[in-house]
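As structure tokens, the structure follows; a few thoughts come after it.
Bear in mind that the values here come from a model prediction, so they are computed numbers and not experimental data.
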Amino acid sequence: MLFYWFLKFVAIGPVVQLVFRPKAEGAEHVPATGAAILASNHLSAADWIFMPLQLKRRVTFLAKAEYFTGTGVKGFLQRAFFTGAGQVPIDRSSASAAEDAIQTGIRALRDGKLLGIYPEGTRSPDGRLYRGKIGVARMALETGVPVVPVAMVYRSRRLPFGKKITRVRVRFGAPLDFSRYEGMAGDRFVERSITDEILYEIMTLSGQEYVDVYGATVKKSMDATGASANEVIATLQPPAAEAADRAPTSLAG
């Protein structure tokens, strides 16, 4: 626990604040106490650093177990860093990986923690917002906690001599209450509706274009074929008229 605050206020936080000058909008929407889900878009490997810096409370994230199983000095330091930084290990290699991750998140929420989640399941391959996985909805239904939509927004600022520097904005939306679906965990239609509603709010906050395809599917196809994200999406996305009907809306559910 102490290591988390050391990283935030001494080792990493001051440097990040000086270089990137991240700013928060709507941080008052994050509950001062009690459990909540912070559901964010995922544009950069540094998202999990920028977002917690804008909050007074500690944020717990789910991270792949490989970060915690290294050996030797390097493994020890890596394990200490991710544990101290508020990361909880999940095994993504087993057949039950998705369910295990959901149960780990539920336990963290029942312990009263702020849980950071990326509903897309992976970083965006091209900066657009991709279809969300329903695990976030399952956690919200199982625990009854509010979901705070979060948007990471990156803007490049041009400096003299052709250099650029990235400026970061972290936008927190109003908490979403899904208590009207109490007792409906496991209903995949309900969970899909909730997930789409969360993604709609993230889309509104971030200004991103929405793609009704899983980002992981696009990445896998890009790696296998060498095609661009646009080329892959053209083969996976439904026709324009159907896609318009399937886009997330604020009335989902």
Can you list the residues that meet the salt bridge (charged side-chain N to carboxylate O under 4.0 Å, His left out) rule with R128, with sequence neighbours excluded?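 Scan of R128 (salt bridge (charged side-chain N to carboxylate O under 4.0 Å, His left out), adjacent residues dropped) gives D126, E209.
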Minimum side-chain heavy-atom gap [X]-[Y] below 4.5 Å:
{"X": "F172", "Y": "Q54", "value": "yes"}
{"X": "E197", "Y": "F178", "value": "yes"}
{"X": "L176", "Y": "I198", "value": "yes"}
{"X": "V170", "Y": "M152", "value": "yes"}
{"X": "I233", "Y": "V211", "value": "yes"}
{"X": "Y214", "Y": "K219", "value": "no"}
{"X": "V59", "Y": "F61", "value": "yes"}
{"X": "R169", "Y": "E25", "value": "yes"}

Side-chain polar contacts of residues 111-120 - donor-acceptor pairs under 3.5 angstrom, sequence neighbours left out - could you list them?
unit_1, atom_1, unit_2, atom_2, d
Y118, OH, W48, N, 3.3
E120, OE1, H42, N, 3.2
E120, OE2, Y130, N, 2.8

How close do [X] and [Y] get, counting heavy atoms only, and between which atoms?
{"X": "I202", "Y": "P149", "result": "CG1-CB, 4.0 Å"}
{"X": "V148", "Y": "P31", "result": "CG2-CD, 4.1 Å"}
{"X": "A27", "Y": "A24", "result": "CB-CB, 4.4 Å"}
{"X": "A137", "Y": "I194", "result": "CB-CG2, 3.6 Å"}
{"X": "P146", "Y": "A35", "result": "CD-O, 3.7 Å"}

Using a 3.5 Å distance criterion without hydrogens, assess whether the side chain of [X] forms a donor-acceptor pair with backbone atoms of [Y].
{"X": "T235", "Y": "V232", "result": "yes"}
{"X": "R57", "Y": "G34", "result": "yes"}
{"X": "S221", "Y": "T217", "result": "no"}
{"X": "D47", "Y": "S44", "result": "yes"}

What's the separation between atom [atom1] in [X] and atom [atom2] in [Y], rounded to the nearest 0.5 Å?
{"X": "E142", "Y": "I106", "atom1": "CD", "atom2": "CD1", "result": "4.5 Å"}
{"X": "R171", "Y": "K23", "atom1": "CZ", "atom2": "NZ", "result": "14.0 Å"}
{"X": "R138", "Y": "I102", "atom1": "CZ", "atom2": "CD1", "result": "5.0 Å"}
{"X": "D212", "Y": "L236", "atom1": "CG", "atom2": "CG", "result": "11.0 Å"}
{"X": "I37", "Y": "L109", "atom1": "CD1", "atom2": "CG", "result": "5.0 Å"}
{"X": "T60", "Y": "R58", "atom1": "OG1", "atom2": "CZ", "result": "5.5 Å"}

What verdict does the side-chain contact (heavy atoms from CB on, under 4.5 Å) test give for L199 and M203, after you've listed the backbone C-alpha separation in whole Å, the side-chain angles of each residue and the deciding distance to 0.1 Å? CA-CA 6 Å; L199 266 290; M203 179 178 69; over 6 Å; no
Intermediate values then yes/no, side-chain contact (heavy atoms from CB on, under 4.5 Å), M184 and V190: CA-CA 7 Å; M184 302 184 73; V190 170; 3.3 Å; yes
Tell me the side chain to side chain donor-acceptor pair (under 3.5 Å) pairs involving residues 26-41, sequence neighbours left out?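 Residue pairs with at least one partner in residues 26-41: N41-Q208.
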In one Ile/Leu/Val/Met/Phe/Trp/Tyr side-chain cluster, 4.5 Å: V153, L38: no
Using side-chain contact (heavy atoms from CB on, under 4.5 Å), reason through L205 and V150 one step at a time and then give a plain yes or no. CA-CA 7 Å; L205 288 169; V150 183; 5.9 Å; no
Begin with the C-alpha distance, continue with both residues' side-chain angles, and end with the deciding distance and a verdict on side-chain contact (heavy atoms from CB on, under 4.5 Å) for M139 and V136. CA-CA 5 Å; M139 293 182 202; V136 61; 5.9 Å; no
Distance alone, cut at 3.5 Å: any donor-acceptor contact between the side chains of S228 and N230?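 Per modelled atom types, S228 and N230 side chains form no pair under 3.5 Å.
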Cut-off 3.5 Å, side chains only: do T195 and R192 have a donor facing an acceptor?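 No, no side-chain donor-acceptor contact under 3.5 Å.
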